[in-house]
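The next block holds one structure in the form of C-alpha cells; read it before the comments.
Atoms within a ligand are numbered from 1 in the order they appear, just like the ligands themselves.
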Amino acid sequence: MPKETPVLAVVLAAGEGTRMKSALPKVLHTVAGLPLVGHAIRSAQEAGCNRLAVVIGPDRPDVAKAVAAIAPEAQVFEQKERRGTAHAVLQAAPAIEAGCRALVVLFGDTPLIRAETIRALADSVAEGGNAVAVLGFEAADPTGYGRLLTEAGELVAIREHKDASEAERQVRLCNGGLMALRGDIALDLLRAVGSNNAQNEFYLPDCVSLARQRGERATVIRVPEQEALGVNDRVQLAACEAVLQKRLRETHMRNGVTMIAPETVYLSLDTEIGRDVVVEPNVVFGPGVTVEEGAVIHAFSHLEGAKVGRGASVGPFARLRPGADLATKAKVGNFVEIKNAVLGEGAKVSHLTYLGDATVGAEANIGAGTITCNYDGYNKFQTEIGAHAFIGSNSALVAPVKIGDGAFVGSGSVVTKDVPANALAVARGHQVVKAEWATHFRARPENVAKAAKKSGA
Ligand code: UD1
Ligand code: MG
C-alpha cells in the first residue's frame with residue numbers, strides 16, 4: 001500500500017473503571033497534567049498516526065468533550081454495550097473502511113507507551129510483512145494477562161488468563177494489549193472474531209490465531225513491563241505518574257534545564273522549558289507552561305497556563321495562573337499571584353501582590369501589597385499600568401482603570417479614576433498630626449494607675 005495511505009490509531013476508552021471508585025470516568029483521570037486518554041492520543045500523534053478514532057462508552061459527553069479538546073480531528077465512536085476489545089474496535093469500522101496502511105489499537109488507560117513502540121508496531125505490519133503485531137512483555141506476575149503462545153519462535157495465539165490451561169498459565173510472556181493490524185486485512189480479522197470463550201466477549205487478541213489460519217504471520221514487539229503498565233486503580237495511577245514524572249524531568253535536564261532537586265519538581269507533558277533555566281525545589285508546572293531561556297523559577301512556585309520570558313525570575317512562593325505572560329527579565333517575587341496579566345520587559349512585582357486581568361508596561365514597579373480589584377462578583381474588568389509607572393505599596397487599583405506611562409500612585413491609595421501619564425495620584429485620607437497627644441494620653445490618671453499595677457509597683 002502506498003506510503004501516503006494513513007496509519008489509523010483507534011483508542012479504546014469505553015471502560016467503566018469501577019476500581020477507580022470515582023464519579024469521573026477512568027480515562028479522564030490525569031497524569032502529568034493530561035487525561036489518561038490524552039496520553040494515548042499524544043503518543044499516537046507523535047508516532048505519526050495521521051488518523052485518529054476514539055471509542056468511548058455510552059452517554060459520556062464528558063469524555064467526548066475531553067477528546068475534542070485534545071484532538072479536534074479525532075473521530076469519536078460510541079460503544080453502546082461493552083462486549084470486548086474486538087467489538088470495541090469494530091465500533092470504529094467506518095474509519096477503518098476509509099482505508100489505512102496499518103491500524104494501531106491503543107488503550108485509553110495505558111499512558112506509558114512510547115511513540116517509538118507505536119511506530120514499531122505500525123511498521124511491523126505496514127512494511128514488515130506481518131498481518132498482526134502485538135505488544136509483549138515479561139510479567140513479574142502474569143496473573144490476569146493474556147499469554148503470548150509461540151511455536152518455533154513464532155507467535156501463534158494469545159490466550160486470555162481465564163481461558164488458559166495450567167500449562168499455558170506458566171507462560172510469562174504477556175499481551176500488553178496494544179496491537180497493530182495490517183490495513184488490508186484488519187476488518188476481515190476483526191469481523192471473524194467470535195465470543196465463544198470464558199467471558200463471552202469478542203477478544204481482540206483472537207486476531208492472532210485468525211491471521212495464522214489465513215496463512216499470515218504475527219509477531220511480538222517486546223517492551224519492559226513498566227511501559228505496558230495500565231491504570232485500574234489510584235495506586236496504579238500514582239505509579240504511572242511517578243514513571244512519567246521521572247521521564248519528563250530527565251528529558252528536561254538532558255535538554256539543558258538545571259533542577260536542584262528534580263524529585264520535587266512536577267511537570268506536565270506539555271511543559272516547555274528553555275536552556276539554562278534553573279528550577280529550584282518544589283515547583284509545580286501545571287498544563288500549558290512555557291519558560292524561556294535563562295529564567296529562574298525559585299522554590300515553591302506554582303505555574304499553570306503561563307509564559308515566562310527570557311531571564312525572568314519567578315518566586316519563591318509565586319503563583320502564575322492561566323494567562324500570566326511575563327516578558328524578558330520581568331520579576332515576580334514572593335507571595336505574588338498573577339492571572340491573565342501581561343508584564344512588560346523588566347517589570348517588577350516583587351512582593352505580596354495580586355494582578356488579575358491587567359497589563360503592566362515595561363520597567364514598571366508594582367509595590368508590595370498592590371491589588372487589582374478586577375471583579376465585582378459578576379464581571380471582570382481590566383487594569384492598564386503604563387511603562388515605567390510606579391505603584392506605591394498597599395494600593396488597590398479598582399478596575400476598569402488606567403495608570404499612564406511614568407505615573408506614580410502614592411502608597412495606600414484606592415485608585416478609582418484613570419491617572420494621566422507622569423502624574424501623581426494619591427487617594428487616601430490626609431495625615432493628621434497632633435503634637436504631644438501620646439504624652440497626654442499616657443498621663444491620664446486611669447492609665448498611670450494601670451501601668452503601675454502592671455509593673456507591680
Ligand atoms: C486486555 C487483553 C489482555 C492483555 C491486557 C493487558 C483482551 C481481551 N485482553 O485484557 O490480553 O493482557 O489487556 O492489559 O483484549 N474496552 C472497551 N470496550 C470493551 C472492552 C474493553 O473499550 O468492550 C477497553 C477498556 O476500556 C480498556 C481496554 O479496552 O482500555 C482493555 O480492556 P480491559 O477490560 O482492561 O482488558 P483486560 O482484561 O485488561
Ligand atoms: Mg486492563
Check: Leu149 main-chain N/O paired with Glu168 side-chain donor or acceptor under 3.5 Å: no
Donor-acceptor check, side chain of Arg101 to backbone of Thr5, threshold 3.5 angstrom: yes or no? yes
Taking only heavy atoms of the protein into account, state which residues are under 4.0 angstrom from an atom of ligand 1, in chain and number order. Leu12, Ala14, Gly15, Gln79, Arg82, Arg83, Gly84, Thr85, Ala88, Phe107, Gly108, Asp109, Tyr145, Gly146, Glu160, Asn175, Gly176, Tyr203, Pro205
Sequence neighbours left out, what passes salt bridge (Lys or Arg N to Asp or Glu O under 4.0 Å) with Arg310? Give chain and number order. Glu293
Any idea how Phe335 and Phe317 line up, ring-wise: parallel (<30°), tilted (30 to 60°), or perpendicular (>60°)? parallel
Using a distance-only test with no angle check, is there a side-chain donor-acceptor pair under 3.5 angstrom linking Thr117 and Glu227? yes
Just by distance, no angles: are the side chains of Thr143 and His161 close enough, under 3.5 Å, to form a donor-acceptor pair? no
